[in-house]
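All remarks here apply to the structure that follows.
Just so it is clear: chains get the letters A, B, ... in the order the sequence lines come, proteins before strands, and each one is counted from 1. Given the structure is predicted, the values throughout are model-derived calculations rather than measurements.
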Amino acid sequence: MTIGIRLNGRHTALECEPTDLLLDVLRDEGLTSVRETCGIGVCGACTVLLDGEPVTGCLTMAGHARGREVTTVEGLDGAHPVQRAFVAERAFQCGWCTPGFVLTAKRLLEENATPSDAEIAEALGGNLCRCGCYVRITEAVRRAGAEMAKDVPPNNTGRKGA
Amino acid sequence: MTAAIGVDARVTGAARYSVDVERPGMLHAAFVRSPYAHARVRSVDVSAVPGGCVALAPADVADLGRYGCQARDQRVLADVARYAGDVVAAVAAPTRAEARAAAGLVAVEYEELPAVFDAVAALAPDAVLLHPEAAASAEEEVSIGVRPVPGTNVCHRFRLVSGDVAAGLAEADVVVEETFRTPSAAHVPMEPHAALAEWDDGRLTVWAGTQTPFNTRADLAGLFGLDPERVRVVAPPMGGSFGAKTFVRTEAVVAALARRAGRPVKVVLDRAEEFVTLNRHPATIRVRVGARSDGTLVAKEVDCWVDTGAYADCGPGVATKLGYAGVGPYRIPHVRVEARAIYTNLPPNGAYRGYGAMQSVWASERTMDVLAGRLGMSPLDLRRRNLLRDGDRFATGEVMHDVRFDECLQAAADAVGYEADPRGKGLCVLLKGMQTPSRAAIAVERTPVGYVVRSASCEMGQGVRRSIQLMAAGLLGCEPGQVELPDPDTDVSPFDTRTTSSRSTHMMGRALAEAVADLRSNGGERGFGEVRDGGGLDPDTGQGIASTHWHQGAAGARVSVDEETGRVTVEHLHGVAYAGRVVDRAGAELQNEGSLTMGLGTALFEAIDFSDGMVGNSNLSDYNVPALGDLPGRFTHELIEREGAEVHGLGETVLPPVPAAIGNALHSLGLHLRDLPMTPERVLAAVDARDGRAGGNGRGGRDGRDGRDSGAGRA
Amino acid sequence: MTLGAVEWLAPSTLREAIAVRAERGEEATVVAGGTFVGILINQGLLSPSALLSLGDVAELRGIEVAGGELRLGAGVTHRTVERDPSVRAGWPMLARAFAVVASPRVRNQATVGGVLADADYASDPPAALQALGARAVLRSPDGERAVPVEELILGWYETCIRPDELLVEVRVPPSPARAVYRKFRSRSSEDRPCVAVAAARDEGRLRVVVGAVAGRPQEFADVCAIAGGREIDAALAAEIARGYADRLEPIADARGSADYRRRVAAVEVRRALEELAA
C-alpha cells in the first residue's frame with residue numbers, strides 16, 4: 001500500500017502498511033534519528049512531530065499519518081535555534097535521546113518562548129536521558145527560547161495557557 | 001568508519017550507533033530463551049523453522065568450548081539453562097520480525113532443576129550447584145587471580161587481612177555491627193545491545209556496541225579456535241552503556257549464527273531482553289567496626305555476599321573492588337574483608353558504573369554514621385579524624401599519594417551547610433580504584449590535514465573521543481578538529497585493556513604523551529606510545545597495589561520527608577570529585593551530573609523485581625529511571641583540581657556516594673535505612689520503627705508483590 | 001514490532017464507524033490514539049487481525065457545553081481537554097486530572113474515549129470522571145445508552161461495552177463547587193500513580209474515588225455518606241479516610257505493596273478532603 005505524507009517538507013509516498021509503525025517506516029526511509037528504545041511510549045527517543053505536535057513514533061501507525069506533516073530532526077536545517085542551543089550548551093553526551101528532546105523543545109518554544117523551569121520540566125518530562133544531561137538540556141531550552149522570543153511577532157504573546 | 005567527532009551529528013540525526021551497522025546480505029537474529037531459571041535442555045527441535053531462516057541448535061555449537069572473561073563458565077548456547085532468559089537456541093531470518101516469529105517455533109524440552117535466587121541461600125549446604133566444575137579463565141590478560149571455592153556456588157573469594165582484627169575489636173571501646181542490602185538494578189542504556197558478525201575466508205569480523213573490544217576478540221578467538229589476529233572487533237559509538245556492553249554478550253551467538261548461515265548476522269535486543277542480559281550485582285554486606293571513645297577507628301570487618309547471577313562474567317573483579325572499597329578512605333590498623341562472588345539462578349551481573357563501589361560504600365558509610373551516633377560524635381568529625389592522608393598506608397598495604405579525601409569531604413559538607421546545622425543532612429566520602437594492572441597503547445600518524453590517532457577507547461557518551469582529541473591537539477600543537485579518531489578496531493587500534501573503570505582519559509593521556517614524544521623524535525610522521533601499570537592484589541591477603549591512582553570523591557545531601565507517606569524530597573544534592581587535571585571541563589561536568597543522576601535512581605527507586613527468577617518489571621514504565629523532574633531543587637557539583645596533578649578518572653566517582661549521603665541524611669532524622677532503594681514504603685517503615693509503632697520492623701518491604709525477591713540476600 | 005498483514009479499517013464518518021463495529025465486533029480491535037493498543041502490540045500481548053481506526057472520524061473530536069453539561073467527543077485528546085477554556089473554567093479538576101497523565105507527547109495522542117475503554121487501572125481520568133458523575137455514551141446501530149463510569153469499568157481492563165457498541169462521547173454534569181484530584185507517585189516524577197484520589201463535594205453529596213489501587217476505581221458511597229451535609233473538619237476527614245482504608249483491598253505492583261497502598265490511600269483521602277474544605 002502507498003501512504004502519502006509530507007515528510008520533512010517533501011511529499012513522500014511511503015510503501016508500507018497502514019499498521020506499520022511510523023518508527024519503522026521512517027527508519028526505512030533512512031531517518032535514523034528516530035530510535036527504538038522502550039517500545040511503550042515513555043522514553044521519547046522516537047519522538048516525531050505530526051502536524052507540528054510531538055507524538056510517539058513507536059505507537060503511531062502509518063495510517064494515522066496519512067496526508068499529514070511529519071517532521072524529524074533531519075528536516076530541520078541543522079541551524080534551528082534549538083539545535084544551535086544544544087550544541088552551544090553541549091546538552092548531550094551519547095546523543096541518542098537528543099533528537100527527541102530537540103523536537104519536543106522546538107514545539108514548547110514555538111508556543112511559549114519563555115517557559116519557567118516548571119514548564120520546561122513539564123514539557124520535557126516524557127524524554128528520558130540516561131546519561132543525565134538534564135541540567136544542560138534545560139539551559140539549552142532557555143537559551144533557544146531567548147533567541148526565539150525575539151522573533152515572536154508583536155500581536156502574538158508567545159504564550160498559550162500554562 | 002569514522003563517526004563524526006563534531007557534536008553537530010547528535011542534533012542533526014546524523015549520529016550513527018552500533019545498532020545502525022549494516023552489511024550486504026545480512027540476516028537478523030532472534031534468540032530462544034529459557035523460561036525456566038534452572039533446567040537441563042533435553043532437546044531442541046528446529047524443524048518448524050521455515051526455510052529461508054537459519055536455526056542454531058546445540059549440535060551447531062558442539063565444537064565450541066566455553067568462554068568468560070574471568071571464569072570460563074559460559075557456553076554459546078546453554079546446555080543447562082541457568083537463568084530465565086538464558087539463550088538455548090537462535091534463529092536468523094531476512095527480517096527481524098520473521099526471526100522473532102521463527103524463534104517462537106523452536107520447540108525446546110526442558111528438565112527443570114531446583115533453583116536458588118539469593119546469594120546467601122546459595123551457600124546453604126544443600127543448595128543446588130550451578131557450576132559443579134569451576135573453570136578459571138587463563139585468557140584474561142589482567143587476571144585478578146580468581147579463587148573459586150570448589151563444591152560451592154562461590155566463583156570467587158577475595159580476602160583482605162591487615163593486622164589482627166579480633167584483637168583490634170577487643171580493644172575497641174565501641175563496636176557497631178550492621179547489615180545492608182542492595183538489589184539488582186538495570187543499566188538501561190538508551191541504545192540496546194547490538195552486534196553484527198560476518199565471516200570471510202575463515203576470518204571473523206564483529207561490529208559490536210562494546211566497551212571491551214580486545215577482551216571480546218580474545219574470547220571469540222578462543223571459542224572458535226582462531227588466532228586472535230583472525231578475529232576483528234570494531235566498536236562503533238554507543239548510545240550509552242554504563243558497563244552493560246562489556247565482554248561477550250551477544251557476539252558469540254551471532255558469530256555462530258553467521259558461521260552456520262554463511263551470511264552476516266545482526267542482532268539488536270529489545271528492551272525486555274535488556275533486563276536479562278547483564279545487570280548490577282545485588283549485595284548483602286555486613287560491617288562490623290570498632291573505635292575508641294575518641295573516635296579513632298581500630299578495627300573493621302566487612303563480609304560481602306555478592307550475587308553474580310548465573311555466570312561469573314567479571315563478578316570476581318567486582319567482588320574484589322567492592323571488598324576493598326568497603327574499607328573506606330580511612331586509617332584502620334586492623335582490617336578483615338571477605339567478599340564472595342556467588343552464583344545464583346538470576347541473569348548474570350557484571351560491570352555497572354561504580355563496579356561494586358556503590359554497594360560497599362552504602363554499607364560502609366552508613367555504618368560510619370551509626371558509629372558516630374553511638375560515640376556521640378558528629379559524623380563529619382568522626383570521618384575527619386580517620387581519613388587517609390598522603391603517606392598513610394591503605395589496608396592493602398599501599399602508600400597513598402595525592403590524597404584529597406579531606407578536601408572532598410569538606411567541600412561536600414560546606415555545600416550543604418552541614419556544620420551550621422546537620423539535621424536532615426548527610427555526607428559520604430569514598431575511595432574507588434582504577435583497573436590495575438592495565439595497559440594502554442596509542443598510535444599517532446600525520447596526515448595532509450592534521451593527524452589520525454588510533455585508540456581502542458570506546459565512545460559511549462562519556463566523551464573519551466573529545467578528551468583524546470583535546471589532549472592530542474595540545475601535545476601536537478594543532479586544532480582539535482584536525483585530529484581524526486577512527487572507531488576502535490582491533491585490526492588497527494593498538495592494544496588497550498578496555499574502556500572501563502574511568503581509566504581511559506588517564507591512561508590514553510599518558511600513552512599519548514609517549515606517542516607524541518616518539519613521533520617528534522623520529523621524523524614527525526608517526527609515533528607509538530604504550531603505558532603499562534603493574535599491580536593488582538593478592539586475592540588471599542588483599543595486599544598489593546589495588547590502584548595506581550585513586551578515584552576520590554564525596555557527596556552531601558539535604559532532605560525533607562513527608563512522614564505520613566515516607567516520600568523523600570532531596571532538597572539539595574552536591575557531588576565532589578577530585579579530578580587532578582581536567583582535560584575537558586564540560587565533559588567532566590556532564591559526567592558528574594550523569595553519575596549523580598544515576599545515583600539518585602539507585603538511591604530512591606531503581607530495583608529489578610524478581611519472582612522465582614523471572615523479571616517482573618522489564619519495561620521502562622515498571623522500572624523507572626530518573627527523569628528531568630526528579631532532579632533536586634538544588635543540584636550542584638564541583639571538581640577539585642590541582643596544578644601539576646595527573647588526570648584522575650571521574651566517570652563513576654560521584655555515583656557511589658549518593659545513596660549513602662541521602663541515607664545518612666535520613667539517619668540524622670532518626671530514620672535508619674539499611675536496604676536500597678529507599679522507597680517511600682521503606683522510609684515509612686523506618687518512621688514507624690523510630691516512633692515505636694507496631695508494624696515497623698525497620699526493614700520495610702519494597703517488593704511490589706508479596707513474596708517477591710529483589711535479588712538481595714538476607715544474611 | 002511489525003504486525004504483518006493486518007486489515008486496516010479507517011471509516012471517515014461516525015455512521016460508518018458504528019456500522020463497521022457492529023459488523024466486525026471484537027474481531028477488529030478499536031484504536032483511537034494508539035497509545036494503549038500500540039503498547040499491547042509492541043509487547044506482543046495483542047496480535048489483532050484487524051484494526052478499526054477512529055482517527056479519521058472528525059465527529060468524535062467535538063467539545064461542547066450543552067445545558068450546563070460538558071460533552072467530550074471520544075476522540076478528543078487529553079491535551080485538548082487539559083487546555084480547553086470551557087473545561088478549565090467549568091471543570092478545573094477534570095482539566096487537571098487529564099493534565100497529569102504521562103507527558104504532553106502522550107497526551108497529544110491519548111483520547112478521552114480510549115482511556116475509558118482501555119480501563120487501565122493505573123490511569124488518572126477514570127477516577128476523576130467518576131467522582132464528577134460522568135457518563136459514557138455507548139452507541140450501536142440500535143441506539144445509545146449513557147453509562148456512569150462506575151458501571152462502565154467492570155475490572156481489570158474490562159468494560160461493559162458490547163461488541164456492537166462504540167464509546168462515542170463522555171458527558172459530565174455541571175461540576176460541583178469543590179473538586180480536587182490528587183496523584184501520589186512513589187518513584188519517579190514521571191511514574192504512574194501509586195494512589196490517586198478524586199473528590200468532589202456538592203451541597204448534598206460527597207464523592208471520593210480512589211484510583212490505581214485496584215482493578216477499577218474504588219468508591220464507598222456509604223462511607224462518604226457519613227459526611228451528611230456537614231462541613232468537613234479534620235476529624236471528619238480522618239474518619240472518612242479511615243473508612244476507605246478499612247474497605248480497600250489494594251493490589252501490589254511495581255509502585256507499592258498492598259499494605260503501603262492502604263496506608264497512603266488513607267493519607268491521600270484525608271488530604272483530598274482537607275483540600276476540599278479549604
Side-chain angles (χ1 to χ4, degrees), chain B residues 95-98 100-101 104 270-272 562-569 597 600-601 604-609 611 615-632 677-685 687-688 693 695-696 700-708 710, chain C residues 1-6 35-36 39-45 47 100-106 120-123 182-195 197 212-213 238 241 245 250-271 274:
Chain B
T95 68
R96 204 165 163 218
E98 285 172 79
R100 280 166 185 264
D270 68 24
R271 186 54 55 184
D562 176 343
E563 294 197 356
E564 292 196 287
T565 63
R567 221 192 135 83
V568 174
T569 301
T597 304
L600 273 172
L604 298 176
F605 48 74
E606 286 191 47
I608 300 182
D609 290 333
S611 179
V615 177
N617 57 344
S618 56
N619 65 74
L620 297 190
S621 178
D622 292 326
Y623 186 99
N624 282 186
V625 299
L628 200 162
D630 292 322
L631 292 190
M678 291 172 277
T679 59
E681 186 160 357
R682 285 195 168 129
V683 173
L684 195 56
V687 171
D688 287 344
R693 262 194 294 275
R702 177 263 181 276
D703 309 329
R705 283 194 246 292
D706 300 326
R708 250 205 237 158
S710 59
Chain C
M1 175 64 56
T2 47
L3 280 177
V6 176
T35 52
F36 185 71
I39 291 173
L40 296 181
I41 293 172
N42 286 353
Q43 299 269 284
L45 298 171
S47 304
V100 297
V101 173
S103 63
R105 177 186 71 254
V106 172
D120 185 332
Y121 76 102
S123 55
R182 292 182 62 89
K183 178 172 184 171
F184 179 82
R185 296 178 185 87
S186 55
R187 303 179 306 170
S188 159
S189 56
E190 288 297 310
D191 202 5
R192 309 188 76 197
C194 171
V195 175
V197 178
V213 301
I251 50 105
D253 67 10
R255 294 170 275 282
S257 70
D259 280 346
Y260 181 67
R261 277 194 154 89
R262 185 193 310 282
R263 187 120 172 226
V264 170
V267 172
E268 285 293 303
V269 166
R270 195 198 79 235
R271 287 179 177 176
E274 287 164 356

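For chain C, the option among B:Ser621, B:Gly629, B:Pro680, B:Ala627 with the highest count of heavy-atom pairs below 4.5 Å is B:Pro680. When the candidates C:Asp191, C:Val264, C:Asp259 are compared by the number of heavy-atom contacts under 4.5 Å with chain B, C:Asp191 comes out ahead.
Salt-bridge check for B:Glu564 with C:Arg271: passed, with a basic side-chain N closer than 4.0 Å to an acidic carboxylate O. At a threshold of 4.0 Å, the pair C:Arg255-B:Asp622 counts as salt-bridged, since one of the basic side-chain nitrogens sits closer than that to a carboxylate oxygen. Comment: C:Arg185 does not engage B:Asp630 in a salt bridge, judged by the lack of any side-chain N to carboxylate O separation of less than 4.0 angstrom.
Contact check for C:Arg263 versus B:Asp688: side-chain heavy atoms found under the 4.5 Å cut-off. The shortest distance between side-chain heavy atoms of B:Glu681 and C:Ser186 does not fall below 4.5 Å.
To the nearest 0.5 Å, atoms CZ (C:Arg187) and CZ (B:Arg567) are separated by 10.5 Å. Interatomic distance, C:Ser189 OG to B:Leu628 CG, rounded to the nearest 0.5 Å: 8.0 Å.
Only the backbone of B:Val625 has a heavy atom closer than 4.5 Å to any heavy atom of chain C.
Remark: side-chain polar atoms of C:Tyr260 are paired, donor with acceptor, to backbone N or O of B:Thr565 under 3.5 angstrom.
Qualifying side-chain hydrogen bond (donor to acceptor under 3.5 Å, both in side chains) partners for C:Glu268, counting only residues two or more places apart in sequence or in other chains: C:Arg182.
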